[in-house]
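A quick note: this is a predicted structure, and the numbers were derived from the prediction, not measured.
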Amino acid sequence: MKPVKIKCPYCGRPAILRPASYVHGDRAKEKYLYVCAGYPKCDAYVSVHRGTLIPKGILAKGDLRHSRIEAHKTMALLWKHHIMTRTQAYQWIRYRFGLRSKHAHIGQFSEYMCSQLIAECHDILKNHHIIAS
């Protein structure tokens, strides 16, 4: 497997495949990250799908990474409460936001899209009398 060639959307530098410990040290949960060549000044990176060198989305800085994590947590409540399966939830994202399959992943989302997804998930949970925290 070869690393993917991607550029940082913030500064335009290439992203470099690095061990996750390069950024997270001993706390690394993933095996690899694509990290902006300007790191740490440009704090953009993205993890890879397990067992591959395929990035999970577009490089992101701290605020966007946090928004994506919150969007994942909120969306996961849909299948944890048996409202939808995981597959159905991703299909719902495609249809709700008018996205093609390749763009219907939280790793592709902006902070705005994450906030929209979180709000939509909260509405569904509220309709099922579930309070999201």
[X] side chain vs [Y] backbone, donor-acceptor pair below 3.5 Å:
{"X": "Tyr34", "Y": "Val4", "value": "yes"}
{"X": "Glu120", "Y": "Leu117", "value": "no"}
{"X": "His129", "Y": "Leu125", "value": "no"}
{"X": "Arg18", "Y": "Val23", "value": "no"}
{"X": "Tyr10", "Y": "Lys61", "value": "yes"}

If you take all heavy atoms of [X] and [Y], which pair is closest and at what distance?
{"X": "Thr74", "Y": "Cys121", "result": "CG2-CB, 3.5 Å"}
{"X": "Ser47", "Y": "Glu30", "result": "CB-CG, 3.6 Å"}
{"X": "Pro55", "Y": "Val46", "result": "CB-CG1, 3.9 Å"}
{"X": "Met84", "Y": "Ala89", "result": "SD-CA, 3.6 Å"}
{"X": "Gly12", "Y": "Lys7", "result": "O-CD, 3.6 Å"}
{"X": "Arg65", "Y": "Ala44", "result": "NH1-CA, 4.3 Å"}

For a 4.5 angstrom cut-off between non-hydrogen side-chain atoms, does [X] reach [Y]?
{"X": "Gln91", "Y": "Thr87", "value": "yes"}
{"X": "Ile58", "Y": "Ile6", "value": "no"}
{"X": "Leu53", "Y": "Leu17", "value": "yes"}
{"X": "Ser115", "Y": "Ser67", "value": "no"}
{"X": "Cys8", "Y": "Cys42", "value": "yes"}

Verify side chain to side chain contact (heavy atoms under 4.5 Å, CB included) between Leu78 and Ile124, making sure each step is shown before the conclusion. CA-CA 8 Å; Leu78 300 179; Ile124 290 171; 3.7 Å; yes

Discussion item. If hydrophobic clusters are built by linking Ile, Leu, Val, Met, Phe, Trp and Tyr wherever their side-chain heavy atoms come under 4.5 Å apart, do Tyr90 and Trp92 end up in the same one?
Written reply: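 In one cluster: yes.
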
Worksheet item: Do Tyr112 and Ile118 belong to the same hydrophobic cluster, where Ile, Leu, Val, Met, Phe, Trp and Tyr are linked whenever their side-chain heavy atoms lie under 4.5 Å apart, directly or via other members?
Response: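 As far as the 4.5 Å side-chain criterion goes, Ile118 and Tyr112 are not connected within one cluster.
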
### Task
Evaluate side chain to side chain contact (heavy atoms under 4.5 Å, CB included) for Lys31 paired with Val48, printing each intermediate quantity in order.
CA-CA 8 Å; Lys31 191 167 184 178; Val48 302; 5.8 Å; no

Report the distance from atom [atom1] of [X] to atom [atom2] of [Y], rounding to the nearest 0.5 Å.
{"X": "Cys36", "Y": "Leu59", "atom1": "SG", "atom2": "CG", "answer": "7.0 Å"}
{"X": "Leu33", "Y": "Ile16", "atom1": "CG", "atom2": "CD1", "answer": "12.5 Å"}
{"X": "Gln116", "Y": "Phe97", "atom1": "CD", "atom2": "CZ", "answer": "6.0 Å"}
{"X": "Lys80", "Y": "Arg86", "atom1": "NZ", "atom2": "CZ", "answer": "10.0 Å"}

How far apart are the C-alpha atoms of Lys56 and Ile106, what are their side-chain angles, what is the distance that settles it, and do they pass the side chain to side chain contact (heavy atoms under 4.5 Å, CB included) test? CA-CA 9 Å; Lys56 286 186 176 178; Ile106 294 170; over 6 Å; no

If you count every heavy atom of other residues, nucleotides or ligands that lies below 6.0 Å from Arg94 atom CZ, does the total exceed 12?
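Result for CZ/Arg94: enclosed.
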
Exercise for the section: Could you tell me whether His81 atom NE2 has more than 12 heavy atoms of other residues or ligands within 6.0 Å of it? Expected result: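 Counting neighbours around NE2 of His81, more than 12 heavy atoms of other residues, nucleotides or ligands fall under 6.0 Å, so yes.
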
- Item | Check: His24 ring centroid to Tyr45 ring centroid under 6.0 Å |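 They qualify: ring centres under 6.0 Å apart.
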
Thinking salt bridges, do Arg68 and Asp63 make one under a 4.0 Å N-O criterion?
->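 The answer is no: the pair does not qualify as a salt bridge.
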
Quiz item: side chain to side chain contact (heavy atoms under 4.5 Å, CB included) between Phe109 and Ile93: does it pass, once the steps are laid out?
Solution: CA-CA 11 Å; Phe109 283 12; Ile93 286 176; 3.8 Å; yes

Working for ring pair (Phe, Tyr, Trp, His ring centres under 6.0 Å), residues Tyr22 and Tyr39: CA-CA 10 Å; Tyr22 179 77; Tyr39 183 85; 5.8 Å; yes

